[in-house]
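Order of listing sets the numbers, starting from 1, for every ligand and every atom in it.
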Amino acid sequence: MAYEIHNGRISTWSLEAHLVNHCNLRCVHCCTLSPRLAHSVLEPAVLDRDLRALAPVLAPQVLKLTGGEPLLHPAIVACLHAARESALAPVVQVTTNGFLAPRMEPAFWRLVQRLSVSLYPSAPLPDATLGLILERCEQNGVELRLKPAPRFSVMDADPPHDDPAVFESCWLRHRCHMAWRGRFFLCTRPPHLAETLGNPALLEDGIPLHEPELQQRLLDCLQRTAPLSGCRWCLGATGEMQPHRQHERAPASGPVAG
Ligand code: SF4
Ligand code: SF4
């Protein structure tokens with residue numbers, strides 16, 4: 001896929017930033033491997049620095065603050081400030097399961113521009129919480145998107161594979177770019193696989209954000225034809241769909257999320 005440059009910036013679909021790795025739910029086949037990751041909170045200053053590096057050269061349509069469960073971040077308002085002030089994207093979205101929305105302070109509702117709430121049949125959101133979300137969004141002019149997610153795709157490859165077709169057919173590499181602790185990744189999987197597999201070499205799938213020639217290196221990354229190292233442990237878009245469900249208890253760390 002060819003990426004276009006407008007006004008000096010590469011046009012892309014979206015960019016994610018994961019504010020925390022952990023979550024208050026334990027969805028089986030969580031795409032970001034959250035139930036298997038240690039608690040981790042992104043420092044707002046790190047987010048700010050990464051977004052400021054990207055803003056002159058990248059133009060995603062939307063910046064998604066997600067996780068894990070982003071509402072678990074103790075300074076989510078500072079993260080929202082960083083996201084808005086970076087002017088990286090015209091829309092700053094928070095993607096959440098919604099359970100902690102009642103805890104959010106007024107500044108959260110003033111700063112978020114779009115709230116995307118995933119609705120899971122195995123963990124239904126209480127009616128009162130949904131009602132509060134509807135009310136706060138209406139009061140503050142926040143665009144609300146409710147996204148039912150009755151099925152999840154199996155994404156973990158066990159055993160690992162060397163099939164280049166998985167990367168070639170993977171839509172996530174065009175839709176799920178991520179800034180993560182000083183690096184840009186084509187998708188959200190490699191840094192999280194690096195943790196669950198105990199394989200820090202997978203971090204090399206991301207390109208450094210704070211080195212020269214960033215735009216050219218971004219273009220090379222976006223238009224690469226060779227699979228990522230992390231693709232070996234991933235089924236991309238080729239995995240079967242399964243009904244959404246929760247782990248009964250926290251799973252042990254490892255490559256398989258089932
Ligand atoms: S709500 Fe489920 S899918 Fe989303 S991050 Fe948490 S565990 Fe993963
Ligand atoms: S690791 Fe590879 S196959 Fe998996 S989502 Fe990323 S690009 Fe797609």
* To do: Give a yes/no on ligand 2: does Val166 have at least one heavy atom closer than 4.0 angstrom to it?
  => yes

* To do: Return yes if a side-chain donor-acceptor contact under 3.5 Å exists between Gln246 and Ser122, otherwise no.
  => yes

* Donor on one side chain, acceptor on other, Thr96 and Glu69, under 3.5 Å -> yes

* To do: Run the ring-centre check on Phe152 versus Tyr120 and record whether the distance is less than 6.0 Å.
  => yes

Atoms of ligand 1 close to [X] [distance to a heavy atom under 4.0 angstrom, numbered from 1]:
| X | value |
| --- | --- |
| Phe152 | 3 (S) |
| Leu25 | 1 (S), 7 (S) |
| Cys23 | 1 (S), 5 (S), 6 (Fe), 7 (S) |
| Asn97 | 1 (S) |
| Cys30 | 3 (S), 5 (S), 7 (S), 8 (Fe) |

Spell out, as yes or no, whether a donor-acceptor pair under 3.5 Å connects the side chain of [X] to the backbone of [Y].
| X | Y | result |
| --- | --- | --- |
| Gln93 | Arg114 | no |
| Arg173 | Glu168 | yes |
| Asn140 | Arg136 | yes |
| Gln113 | Arg84 | no |
| Arg9 | Leu88 | yes |

For [atom], what is the nearest protein heavy atom, given as residue, atom name and distance?
| atom | value |
| --- | --- |
| atom 4 (Fe) of ligand 2 | Cys234 SG, 2.3 Å |
| atom 2 (Fe) of ligand 2 | Cys231 SG, 2.4 Å |
| atom 6 (Fe) of ligand 2 | Cys187 SG, 2.3 Å |
| atom 7 (S) of ligand 1 | Cys27 N, 3.4 Å |
| atom 8 (Fe) of ligand 2 | Cys170 SG, 2.3 Å |

* **Minimum non-hydrogen distance to atom 3 (S) of ligand 2, winning option of Gly236, Gly230, Ala157** => Gly236

* Go through the steps to decide whether Glu43 and Arg181 satisfy the test salt bridge (charged side-chain N to carboxylate O under 4.0 Å, His left out), and finish with yes or no. => CA-CA 9 Å; Glu43 302 84 351; Arg181 295 189 177 278; 2.9 Å; yes

* Does Gly68 have a non-hydrogen atom less than 4.0 Å from ligand 1? -> yes

